[in-house]
**Student:** 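Following this message is one structure expressed as structure tokens.
The structure presented is a predicted model; accordingly, all values stated were derived computationally and were not measured.
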Amino acid sequence: MSLAFILRFCLTFWYFAQIDTSILVLIKTFLIGFCFDLGTISFFSLPYIVYLLIVPQKLYGTIFDRVIIYTGYGIGVLIFLFSFFAEITFWEEFERRFNFIAVDYLIYTYEVVKNINESYPIPLLLGAISMVLIIILFITKKAQVFNKTFKNNTAFKEKLTPSLLIILIATVFALFIKNEDAEQFKNRYNNELAKTGIYSFFAAFRSNELSYTDFYNTINDEKAFINVKKKLAASNSSFLHPNEKQIHRNITHADSLHPVQKPNIIFICIESLSASYLNSLGSELKITPILDSLSNESLFFTNLYATGTRTVRGMEAITLSIPPTPGRSIVKRDNNTNLFTIGEVFNKQGYERNFFYGGDGYFDNMNTYFGGNGFNIIDRGRGFLLDSGVKTKRTNIDDNEVTFENAWGVCDEDIYNKVIKEADKSHRNETPFFNFIMTTSNHRPFTYPDNKIDVPSGTSREGAIKYTDYAIGDFIKQAKTKPWFKNTVFVIMADHCASSAGRWNLNIDKYRIPALIFNLETIAPQKIEKLSSQIDVFPTLFALLNWDYTSNLFGLDIMKMKKEDERAFIGNYRNLGLLKDRKLMVLSDQHEVNYYEWETDNDNLIPKPINASLLEETISFYQTADYLYRNNGLKLRNN
């Protein structure tokens, strides 16, 4: 209880400027936190309570009893101490208590443990934990607590009352108290402070997916699809089955004046790059000279937003062109292969499809998702095999192709060098290619090769961004020497922002990302200021290339958007938002709805009375997206 209080106090002091510091709110924050701490302790006490009730008194103090007591007590204290330090590092990265990300970290131990080891002084932290553990054990022993335990002669009836009290507390929390019940404040930081890390972890472990129909506002399915189809309808498209609950449609662009183009496409998905880091989007950091230069030579989308806060969310939005669904990304769910992705559009046009990743694509289920949807895999295989049901070609990044590597994989220069090699092969085979590249260098521990930029490796995110930018410049420079360059279009976009944390459940400015299309000769460089979404980029590219294709995508052609078409989908694990004309509608679990006006100068959200029309539109998009996934509506079809 003391450790939990100290941690909550430290986090409050650390983020004092961001939280609601009115006296009553602070008192309520700590009181709610105390209750959740108590609930957490009750769960940890249960095994010992049961042990004390069933073990006969004659076994007290025996070797068996001493082993149980010393081991249980030691492990319990160790868990609390480890959680104390782990929560600090987790909060530093995500500004939240443990959530589903922490649960995922248990699965991908290689990358996570290596990343932690490269990011923090692990020997020092483990030494500190061990030292504190020894001190606590010494104090406990010195206070004769163990002796009093082993010599205890309390009768069974006397044990029953406190035991039943603890069992009751644990039962109440297990059956009736949800982690979300701690969220009693408008300020998100207060909500997170009121929680307890260990309790939050197990809550996320139990509910890593959310049913949209069970937890969110809904309307009639048929009505939802009618609404969405109205938004997707265009003069150059026709729905294949207008009366069914699906959005398959034929889209035409080509004519005698606009012939089909089939350049190679290289898509660079940049890890964690917020728009706020680019000078061309308002920054003053001067750490992205290459991207800032490219922005003047490209179609540059200045008002585009990511759909989520994690790489797999970005991949989902880009490849499926779909609003985010609650819970886990589809990339990490079951039933996520043989889907209609942008890769299928490329496939119908005769393209080879390749997914490049500098680590092992086993991480976050990427290989299963991309391989199961028709992409070849090029990654740094570390022994994890593809699922048996996934039939695709997998190419390893060999040791002799690696100049630098950290927890997440090879540096960006190395992955680009591999892309160059594979592009050369495709060109020799006269095969047009679509290469999806996932970068890794702009990720903690922010390490990269020495002597490339003027910021020492491993010192800051700004250094990692500057190296990421440098590597893109070097890649473009190499590509320009290749015979395939002139006929290659480069699409560059971030997967998500560097951080999504803030006062609100959805902080709009934390979703704005850079996106550009470079080396498309048929259209002049220009800045596109229309409000748009990550899901719109490839439908826009397909239109620019004058492709006719069958679509199952929610994305729109940004270039042809009218003012009423402009919108962005932004969300996280539990909150789903639709941004239109500086108004934000947010759907949350427990059937909660909030409507805000967005003050762009300070990112404040001003609560407003619910706009019924926008609410129905928001529900329609998210409900249809969820419906299609759960009813195989995202699957490939023959017609």
Side-chain angles (χ1 to χ4, degrees), residues 14 85-86 88-96 101-102 104-105 108-125 268-279 281 283-292 306 309-312 314 356-360 363-364 380 397 402-417 437-475 492-501 510 513-514:
W14 188 5
F85 286 100
I88 293 174
T89 57
F90 192 85
W91 185 283
E92 182 185 18
E93 181 74 12
F94 301 104
E95 297 182 8
R96 297 175 185 274
I101 298 175
D104 285 348
Y105 277 6
Y108 306 107
T109 53
Y110 177 88
E111 289 84 354
V112 173
V113 171
K114 200 166 187 288
N115 176 46
I116 293 172
N117 190 46
E118 293 174 353
S119 303
Y120 300 99
I122 295 301
L124 182 62
L125 287 174
I268 302 174
C269 191
I270 305 178
E271 170 70 37
S272 305
L273 185 64
S274 308
S276 58
Y277 288 114
L278 274 68
N279 281 57
L281 291 174
S283 173
E284 298 179 356
L285 293 172
K286 298 180 180 179
I287 55 177
T288 56
I290 300 300
L291 289 173
D292 290 329
T309 62
R310 297 199 68 200
T311 297
V312 286
F356 292 81
Y357 180 59
D360 192 322
F363 182 79
D364 266 351
R380 181 72 165 144
I397 301 171
V402 179
T403 63
F404 182 90
E405 189 170 16
N406 66 14
W408 300 107
V410 303
C411 65
D412 287 358
E413 287 174 279
D414 289 344
I415 196 69
Y416 292 141
N417 288 337
I437 309 164
M438 185 67 235
T439 72
T440 58
S441 290
N442 184 30
H443 193 296
R444 190 179 296 277
F446 309 130
T447 55
Y448 40 84
D450 293 329
N451 304 317
K452 300 292 184 177
I453 60 171
D454 57 1
V455 181
S457 171
T459 57
S460 66
R461 181 181 290 277
E462 285 75 13
I465 292 172
K466 192 166 188 178
Y467 170 73
T468 296
D469 183 79
Y470 162 83
I472 291 173
D474 185 67
F475 175 49
I492 302 175
M493 179 166 57
D495 57 351
H496 58 85
C497 284
S499 170
S500 63
K510 301 287 189 175
I513 57 173

**Student:** Any non-hydrogen side-chain atom of C497 less than 4.5 Å from a side-chain atom of I513?
**Tutor:**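 Yes. Closest side-chain heavy atoms under 4.5 Å.
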
**Student:** Can you list everything that forms a salt bridge (Lys or Arg N to Asp or Glu O under 4.0 Å) with R444? Sequence neighbours excluded, please.
**Tutor:**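 Once residues adjacent in sequence are excluded, the partners of R444 under the salt bridge (Lys or Arg N to Asp or Glu O under 4.0 Å) criterion are E93.
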
**Student:** Report yes or no: does E118 contribute a side-chain atom to a donor-acceptor pair with the main-chain N or O of A407 at less than 3.5 Å?
**Tutor:**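 Looks like yes, one N/O pair under 3.5 Å.
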
**Student:** Side chain to side chain contact (heavy atoms under 4.5 Å, CB included), that's the test. Do T440 and Y357 meet it? Break it down for me.
**Tutor:** CA-CA 8 Å; T440 58; Y357 180 59; 3.5 Å; yes

**Student:** Salt-bridged, D364 to R310, with N to O below 4.0 Å?
**Tutor:**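 Yes, charged N to carboxylate O under 4.0 Å.
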
**Student:** Quick check: closest heavy atoms across P289 and I287, and the distance to 0.1 Å?
**Tutor:**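 Scanning both residues, the minimum pair turns out to be CD-C, 3.3 Å.
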
**Student:** With sequence neighbours excluded, tell me which residues meet side-chain contact (heavy atoms from CB on, under 4.5 Å) with C411.
**Tutor:**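 Residues passing side-chain contact (heavy atoms from CB on, under 4.5 Å) with C411: T403, F404, E413, D414, S441, P449, Y467.
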
**Student:** Identify the two heavy atoms, one from V455 and one from G463, that lie closest to each other, and give their separation to 0.1 Å.
**Tutor:**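 Taking every non-hydrogen atom into account, CG1-CA, 3.6 Å.
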
**Student:** Report yes if some heavy atom in the side chain of R380 is under 4.5 Å from a heavy atom in the side chain of V402; otherwise report no.
**Tutor:**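 With C-beta onward as the side chain, the pair touches.
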
**Student:** Can you tell me how far the CD1 atom of I472 sits from the CG atom of L291, to the nearest 0.5 Å?
**Tutor:**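 Interatomic distance, I472 CD1 to L291 CG, rounded to 0.5 Å: 4.5 Å.
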
**Student:** Counting C-beta onward and ignoring hydrogens, is there a side-chain heavy-atom pair between D454 and K466 closer than 4.5 Å?
**Tutor:**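 Contact flag for D454/K466 side chains = yes.
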
**Student:** How long is the span from the CZ atom in F446 to the OG1 atom in T468, to the nearest 0.5 Å?
**Tutor:**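 Here the rounded value is 10.0 Å.
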
**Student:** Between N406 and T447, do the side chains contain an N or O donor and an N or O acceptor separated by less than 3.5 Å?
**Tutor:**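 N406 vs T447: donor-acceptor pair found between side chains.
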
**Student:** Quick one: do I453 and D469 satisfy side chain to side chain contact (heavy atoms under 4.5 Å, CB included)? Show the steps, please.
**Tutor:** CA-CA 10 Å; I453 60 171; D469 183 79; over 6 Å; no

**Student:** Look up atom CD1 in I492 and atom CG in L273, then write down how far apart they are to the nearest 0.5 Å.
**Tutor:**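 If I round to the nearest 0.5 Å, the distance is 10.5 Å.
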
**Student:** Ignoring hydrogens and geometry, is there a side-chain-to-backbone donor-acceptor pair from S274 to Y277 under 3.5 Å?
**Tutor:**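 Looks like no, no N/O pair under 3.5 Å.
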
**Student:** Could you give the distance from CG (L285) to OG (S276), rounded to the nearest 0.5 Å?
**Tutor:**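 Answer for the CG-OG pair, L285 versus S276, is 8.0 Å.
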
**Student:** Parallel, tilted or perpendicular: which one describes the rings of H443 and W408, with boundaries at 30° and 60°?
**Tutor:**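 Aromatic pair H443/W408 classed tilted.
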
**Student:** Where is the tightest heavy-atom contact between G358 and I415, given as atom of each residue plus distance?
**Tutor:**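 Where G358 meets I415 most closely, the heavy atoms are N-CD1, 3.8 Å.
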
**Student:** Would you compute the distance between atom CZ of F356 and atom CD1 of I268 and round it to the nearest 0.5 angstrom?
**Tutor:**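 Between F356 CZ and I268 CD1, I get 11.5 Å after rounding to 0.5 Å.
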
**Student:** What is the minimum heavy-atom distance between S457 and D450, and which atoms define it?
**Tutor:**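 Looking at all heavy atoms of both residues, the closest pair is CB-OD1, 3.9 Å.
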
**Student:** Closest heavy-atom contact between R96 and F90?
**Tutor:**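 Residues R96 and F90, closest heavy atoms: O-CD2, 3.4 Å.
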
**Student:** Which distance, rounded to the nearest 0.5 Å, do you find between the CG of N417 and the CG of D474?
**Tutor:**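 It comes to 7.0 Å.
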
**Student:** Applying side-chain contact (heavy atoms from CB on, under 4.5 Å), name anything that partners T311, two or more places apart in sequence or on another chain.
**Tutor:**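 So T311 forms a side-chain contact (heavy atoms from CB on, under 4.5 Å) with E271, M315, M438, D495, H496.
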
**Student:** Quick one: does Y448's side chain have a donor or acceptor within less than 3.5 Å of a partner on P456's backbone?
**Tutor:**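 Answer holds: yes.
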
